[in-house]
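Below: one structure, written as structure tokens.
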Amino acid sequence: MFKQLLSKLPRKSSKPDSGGDLSRSSSAPVPSNSGKRTSSSAVFPSTIEPLLPFKDVPNSEKLNLFVSKISLCCVTFDFSDQSKNSIEKDVKRQALLELLDFVGSGSVRFTEPAVLAVCRMCAVNLFRVFPPSYRENDGDDNEPVFDPAWPHLQMVYDLLLKFITSPCLDAKMSKKYLNHGFILRLLDLFDSEDPRERECLKTVLHRLYGKFMVHRPFIRKSMSNTFYRFVFETEKHGGIAELLEVFGSIVSGFALPLKEEHKMFSKSLGSYFQQLTYCVAQFVDKEPKLGSVVVKGLLKFWPVTNSQKEVMFIGEVEEVVEGMSVVEFRKVMVPLFLRVACCVNSCHFQVSERALFLWNNDQIVNLVAHNREAILPIMFAALEKNAENHWNQSVLNLTLNVRKMLCEMDEDLFMSCHARFQEEEAKQCSVIEKRKEKWARLESAASMKPVTGKTAVLV
């Protein structure tokens, strides 16, 4: 097809005295098999010349020209070699630009043949199998991989996005072409290593979800299946973070009360933890009763041996508690602040620092103030031990600031906790002294008894 079309483009004559440009006849016969992809002209037969601009045809023929140009764009090229097929690539690029302008103009309502043509063109250009990736799925440490075909792919994505959001597209008519199979292939593309493609896919998927209500349950289920497959099977996926962002925005649009199916959702944790926290926070924001459930789950699986995960968990606790009601907070405040106290006393300065930063959150400080009789006694000992013994100066300064804040919150309760703490310290010192005296007596008795035969000696 491209050979036929290129034969109609004006070319410069090789003779210096030819007197300008020449055009070959537009009535040149079409070869029966040009060697290119045959699906283009065979699937979308059209008598309209695809190189014509839209302004040169009457309104009654514009959809036919649209289908003809879409047919032209069904031919694919190898973009790893930029010098190869450069003229054909430029013709296709120009056709895509014209299609973008036409779809954006909203001048004609799209018919079923037009919808079918766009879906097949997008499938030919976008849907592809990615080569196996041997990169670690740890997010920030990997350099991004950029697809050399991206300038071309971006135009196809832009066309698909404008097409989906166009008021000239009837959702009821087009749902059988933008169907479950199309959506599944689109979700597969989130595994692309090019971050630009994943960003485009986020917008396309979100617009699809917004326009086609009939597909919403299927999209949510398919996204959940992708998450399950990642967690339980592959542990490798390039677009988990982007999918979670889309899922978070979907959750924020849920109607109340939440349906049971909505509540069922909830090695490389750092690469998507922020987006996962956002999703969970959206659930809590929609239904505050879930706050205590989430906090209990976090406490149950607290990563006591992994400092980096501890920092992440403290961050999620802050996000969740910030959206909790006072009633739900009281259900979990004692075990929660027992864990926070342990984190404050952590030898790892980042864990201790992140736990102390909770008091920079006005909502959490407000909840603590309303429940200070239960929380202050738990936190006091941890703060006092930090103030006396912690090695890190930043943690020490933060500890003193939080200690001062709690003192100003309720000075009488603070002094009562201080007196109780001193009593406990005195008791512990007494127990330690008694233990030392007991060991001293045992050592003295052992030293006075003579060693005979094969009697065991404590060294």
Side-chain angles (χ1 to χ4, degrees), residues 133 135-144 187 190-193 195 198-199 201-202 205-206 220 223-252 254 262-287 290-324 332 335-336 339-340 342-344 346 348-358 360-361 363-364:
S133 174
R135 293 149 57 85
E136 295 295 328
N137 199 30
D138 52 5
D140 297 335
D141 295 338
N142 286 330
E143 289 294 326
L187 286 171
F190 273 91
D191 203 18
S192 169
E193 293 190 339
R198 299 198 301 268
E199 283 297 314
L201 283 163
K202 275 192 336 187
L205 183 61
H206 199 273
R220 291 196 301 269
M223 292 173 71
S224 296
N225 288 340
T226 301
F227 298 142
Y228 291 141
R229 189 162 55 250
F230 168 72
V231 171
F232 296 112
E233 296 178 15
T234 63
E235 295 189 357
K236 285 187 176 182
H237 196 286
I240 290 296
E242 288 79 8
L243 282 170
L244 283 168
E245 285 184 39
V246 176
F247 200 90
S249 63
I250 289 173
V251 172
S252 67
F254 281 164
H262 295 162
K263 299 178 188 177
M264 292 304 293
F265 171 81
S266 308
K267 314 176 178 190
S268 59
L269 185 61
S271 62
Y272 60 87
F273 189 81
Q274 182 180 356
Q275 293 82 4
L276 180 59
T277 301
Y278 169 66
C279 286
V280 174
Q282 291 299 319
F283 274 107
V284 176
D285 184 59
K286 282 288 176 182
E287 190 162 318
L290 293 175
S292 58
V293 177
V294 173
V295 171
K296 287 176 183 176
L298 288 170
L299 294 175
K300 181 178 180 180
F301 297 102
W302 198 271
V304 291
T305 60
N306 190 319
S307 299
Q308 289 182 340
K309 285 186 178 180
E310 274 198 289
V311 172
M312 294 180 191
F313 270 50
I314 296 169
E316 180 163 0
V317 164
E318 180 176 6
E319 291 278 345
V320 173
V321 171
E322 195 174 10
M324 289 175 67
V332 295
L336 172 61
R339 174 54 59 192
V340 171
C342 291
C343 293
V344 166
S346 174
H348 196 294
F349 78 97
Q350 289 179 333
V351 175
S352 182
E353 196 174 56
R354 185 64 186 85
L356 290 165
F357 276 145
L358 291 174
N360 287 345
N361 190 307
Q363 177 64 14
I364 292 179

Enter the distance from M223:CE to N225:CG here, rounded to the nearest 0.5 Å.
11.0 Å

Any chance you could measure F227, atom CZ, to F232, atom CZ, to the nearest 0.5 Å?
13.0 Å

Here the pair of heavy atoms bringing I314 nearest to W302 is CG1-CZ2, 3.7 Å

Residues Q282 and G248: closest non-hydrogen pair is CG-O, 3.6 Å

Between the OH atom in Y228 and the CD atom in E233, the distance rounded to the nearest 0.5 Å is 12.5 Å

Closest non-hydrogen atom pair, S352 against S346:
CB-O, 3.8 Å

Shortest non-hydrogen separation from V304 to E310 and the atoms involved:
O-OE1, 4.2 Å

To the nearest 0.5 Å, what is the distance between CG on L299 and CZ on R339?
7.5 Å

List the atom of F254, the atom of K286, and the distance in Å for their closest heavy-atom pair.
O-NZ, 2.8 Å

I'd like to check the ring-ring contact (aromatic ring centres under 6.0 Å, His included) partners of F357; sequence neighbours left out, ordered by chain and number.
none

Run the salt bridge (Lys or Arg N to Asp or Glu O under 4.0 Å) check on R198 and E242 step by step: do they pass?
CA-CA 7 Å; R198 299 198 301 268; E242 288 79 8; 3.2 Å; yes

Are the side chains of V332 and M324 in touch, meaning some heavy atoms are under 4.5 Å apart?
yes

Starting from the C-alpha separation in whole Å, work towards a yes-or-no answer on side chain to side chain contact (heavy atoms under 4.5 Å, CB included) for V280 and E319.
CA-CA 9 Å; V280 174; E319 291 278 345; over 6 Å; no

Looking at side-chain heavy atoms only, is the closest gap between K202 and L243 below 4.5 Å?
no

Please step through side chain to side chain contact (heavy atoms under 4.5 Å, CB included) for the pair F247 and V251, ending with a clear verdict.
CA-CA 6 Å; F247 200 90; V251 172; 3.7 Å; yes

Can you confirm whether more than 12 heavy atoms, excluding those of Q308, are under 6.0 Å from its CD atom?
no

L336 and V321: CA distance, side-chain angles, deciding distance, side chain to side chain contact (heavy atoms under 4.5 Å, CB included) verdict
CA-CA 10 Å; L336 172 61; V321 171; 3.9 Å; yes

Straight-line distance of F190 CZ to L201 CG, nearest 0.5 Å:
4.5 Å

Taking atom types as modelled and ignoring hydrogens, do the side chains of H206 and S249 form a donor-acceptor contact shorter than 3.5 angstrom?
yes

Output the distance between atom CG (L244) and atom CG (L276), rounded to the nearest 0.5 Å.
5.5 Å

Search all heavy atoms of V320 against all heavy atoms of G291 and return the closest pair with its distance.
CG1-O, 3.9 Å

In sequence, state the C-alpha distance, the side-chain angles, and the governing distance for E318 and R354, and then conclude on salt bridge (Lys or Arg N to Asp or Glu O under 4.0 Å).
CA-CA 10 Å; E318 180 176 6; R354 185 64 186 85; 2.5 Å; yes

